[in-house]
Amino acid sequence: MKILFIQKMAGISGSEKYYLNLLPELKQYNIESHFLIVQHPDNALKNKVFIDLLEKDNISVHIIESRWPISIGIIRRISTLIQKESYDIVQTNLIHADVWGACVKKFFIPSLKLISVKHGYDEKYQQKYGFNPRYLRKNLFFLLTKWSAIYVEQVVSISHGLQELLIKGGMVQAEKAIVIPYGFDFDDIKEKTKSGELRYGNPQIIIAGRLVPVKQHHLVLKIMPQLIKKFPDIQLVIVGSGPIENELKQISKDMKIDSHVRWEGFRNNMLDYIRDSDIMVLPSSAEGFGLVILEAWQHKKPVVAFDIPAPNEIIIDNINGCLVEPFNTNLLYKKIVKILSNPQLLDRMGIEGFKTLKKYYSLSSMTNKTISIYNKLVKN
């Protein structure tokens with residue numbers, strides 16, 4: 001079986017990590033994977049690490065450079081590649097690739113077998129309404145999502161909350177929809193630093209993710225003065241980069257908490273930072289899945305998150321982490337203090353998280369469910 005995976009890329013985030021884990025695993029089942037990256041020329045350097053990792057696993061990488069995200073040139077080049085390589089299935093990832101794939105099928109290759117993998121919805125909508133379909137409007141994102149779904153055989157969502165939005169919102173037919181949560185095996189990831197090397201405070205909180213509005217880093221910055229009074233040696237480690245970095249740094253400066261906040265930027269050794277921290281805080285207003293939860297659990301660290309999809313599908317409150325009423329900073333502060341003040345509770349939640357990771361979110365489980373879809377499509 002030969003499959004082409006397509007994505008518009010500008011660096012490594014959750015969806016890219018999904019593929020870095022899935023594609024090498026598919027090789028073990030004699031599935032030949034090719035990856036097509038469509039990138040703006042300015043993003044070539046950001047994508048180099050991803051490309052190098054795929055090529056290290058002998059996965060063929062194709063690149064289309066374009067300054068325009070949607071163009072007839074991109075669609076024609078994708079169509080030419082598909083016809084040349086005779087792929088059995090094409091899997092599109094995120095909205096741009098969904099549109100390209102649908103256009104190729106409608107205008108060039110009607111027999112094309114398409115799978116769309118959904119990692120989230122429009123970021124602005126998610127930030128405001130989460131996965132509540134009640135407030136959906138027929139804007140461009142909505143119309144493109146609905147139109148492209150007409151041409152796919154299967155729509156895979158990474159969470160039930162996301163799937164519900166797509167179905168109840170009228171964008172995807174229920175019979176086409178399936179949920180396959182992320183699955184990861186972090187055991188083979190080698191540490192790049194010595195234990196304790198990234199420990200900057202006692203206790204230490206980590207937030208991991210892009211510096212974008214939906215991640216709501218500012219809510220944790222807001223409660224840092226209280227946390228500093230409770231724990232004078234506390235450090236907040238923020239790993240990630242993004243367009244609101246300067247804005248967040250200014251908030252930290254204005255609140256006079258700079259000496260307790262470390263801005264680490266993008267790092268490819270996230271697990272090392274988690275290892276040397278005490279808890280992970282996920283203050284997002286919306287998450288397609290919440291990969292950082294699994295990363296935290298790999299090192300038996302509890303996670304504190306707001307009670308929103310999809311974190312509330314993964315975290316069991318007071319068992320393997322804490323769920324907080326959205327977006328109550330007072331309760332967020334209390335939950336963090338409760339865990340950090342009780343080492344036994346911290347350890348217990350971390351261990352339960354590790355058990356949950358291994359039982360429900362294994363790489364083998366995700367891979368087997370994915371392959372079953374491929375086999376079904378190829379037989380039809």
Side-chain angles (χ1 to χ4, degrees), residues 14 17-18 21 130-131 157-164 179-187 189 202-209 215-216 219-220 223 227 230-231 234 236-237 270-271 273-366 369:
K17 291 180 181 179
Y18 159 81
N21 280 267
F131 288 144
S157 298
I158 59 173
S159 71
H160 291 280
L162 177 56
Q163 182 192 56
E164 184 174 334
V179 174
I180 301 180
Y182 281 153
F184 289 90
D185 183 359
F186 303 103
D187 294 338
I189 297 179
N202 185 29
Q204 180 164 303
I205 298 172
I206 182 170
I207 305 178
K215 299 297 184 180
Q216 299 193 136
L219 295 183
V220 181
I223 62 173
L227 289 170
K230 185 71 176 179
F231 307 103
I234 194 170
L236 171 63
V237 177
M270 179 70 71
L271 289 175
Y273 282 92
I274 294 171
R275 175 203 65 202
D276 287 348
S277 299
D278 295 297
I279 63 170
M280 168 80 72
V281 177
L282 185 61
S284 304
S285 61
E287 286 285 343
F289 180 80
L291 169 59
V292 292
I293 298 172
L294 305 188
E295 292 178 319
W297 286 348
Q298 173 64 19
H299 276 299
K300 301 178 182 177
K301 307 296 182 179
V303 182
V304 179
F306 288 123
D307 190 359
I308 60 165
N312 60 12
E313 296 177 28
I314 306 170
I315 297 171
I316 303 173
D317 190 30
N318 293 318
I319 302 297
N320 51 26
C322 287
L323 294 171
V324 180
E325 175 189 318
F327 300 97
N328 190 321
T329 53
N330 184 47
L331 289 180
L332 179 64
Y333 165 77
K334 289 180 179 179
K335 289 282 190 178
I336 292 173
V337 169
K338 179 181 177 181
I339 296 175
L340 292 179
S341 300
N342 189 335
Q344 290 183 329
L345 177 63
L346 188 152
D347 290 342
R348 177 176 63 77
M349 284 185 172
I351 291 170
E352 289 299 322
F354 183 78
K355 290 179 181 177
T356 305
L357 167 65
K358 297 302 180 183
K359 185 174 182 179
Y360 296 108
Y361 300 102
S362 68
L363 179 57
S364 61
S365 175
M366 179 182 73
K369 290 176 182 178

Could you tell me whether the side chain of [Y] reaches within less than 4.5 Å of the side chain of [X], counting heavy atoms only?
X      : Y      : value
Lys215 : Val220 : no
Phe231 : Ser341 : yes
Ser159 : Glu287 : no
Asn318 : Lys338 : yes

To the nearest 0.5 Å, what is the distance between [atom1] on [X] and [atom2] on [Y]?
X      : Y      : atom1 : atom2 : answer
Phe327 : Ser284 : CZ    : OG    : 9.0 Å
Ile279 : Ile207 : CD1   : CD1   : 9.5 Å
Asp278 : Leu346 : CG    : CG    : 6.0 Å
Gln216 : Leu282 : CD    : CG    : 10.0 Å
Asp185 : Met366 : CG    : CE    : 10.5 Å
Ile351 : Ile319 : CD1   : CD1   : 13.0 Å

| message | Tell me whether Ser365 contacts the main-chain N or O of Tyr361 through its side chain, where contact means a donor paired with an acceptor under 3.5 Å. | response |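 Not confirmed, Ser365 side chain does not pair with Tyr361 backbone.
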
| said: Quick check against the 3.5 Å criterion: does Asp317 have a side-chain atom that pairs as donor or acceptor with the backbone of Leu323? | reply: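 Side chain of Asp317 to backbone of Leu323: a pair is present.
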
Nearest heavy-atom pair of [X] and [Y]: which atoms, and what distance?
X      : Y      : value
Pro181 : Lys369 : CD-NZ, 4.4 Å
Val179 : Ile158 : CG1-C, 4.3 Å
Met349 : Cys322 : CE-SG, 3.7 Å
Leu219 : Pro283 : CD1-O, 4.5 Å
Ile206 : Met270 : CD1-SD, 4.3 Å

Please set out all donor-acceptor pairs under 3.5 angstrom arising from side-chain atoms of residues 291-315, sequence neighbours excluded.
| residue | atom | partner | partner atom | Å |
| --- | --- | --- | --- | --- |
| Glu295 | OE2 | Lys17 | NZ | 3.1 |
| Trp297 | NE1 | Asn320 | O | 3.2 |
| Gln298 | NE2 | Asp187 | OD1 | 3.0 |
| His299 | NE2 | Leu271 | O | 3.3 |
| Lys301 | NZ | Arg275 | O | 3.3 |
| Lys301 | NZ | Ser277 | O | 2.9 |
| Asp307 | OD1 | Asn312 | ND2 | 3.0 |
| Asn312 | ND2 | Ile308 | O | 3.4 |
| Glu313 | OE1 | His160 | N | 2.9 |
| Glu313 | OE2 | His160 | N | 3.3 |
| Glu313 | OE2 | Gly161 | N | 2.6 |

| said: If the condition is ring pair (Phe, Tyr, Trp, His ring centres under 6.0 Å), which residues does Phe354 pass it with, not counting sequence neighbours? | reply: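 Not a single residue meets the ring pair (Phe, Tyr, Trp, His ring centres under 6.0 Å) criterion with Phe354.
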
| message | What verdict does the side-chain contact (heavy atoms from CB on, under 4.5 Å) test give for Ile223 and Ile336, after you've listed the backbone C-alpha separation in whole Å, the side-chain angles of each residue and the deciding distance to 0.1 Å? | response | CA-CA 10 Å; Ile223 62 173; Ile336 292 173; 3.9 Å; yes

| field | Geometric class of the Phe184/Tyr182 ring pair [parallel <30°, tilted 30-60°, perpendicular >60°] | value |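 Perpendicular, since the angle between the ring planes exceeds 60°.
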
| request: Kindly check if the number of other-residue, nucleotide or ligand heavy atoms within 6.0 Å of NZ (Lys358) is above 12? | output: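 Count over threshold, so yes.
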
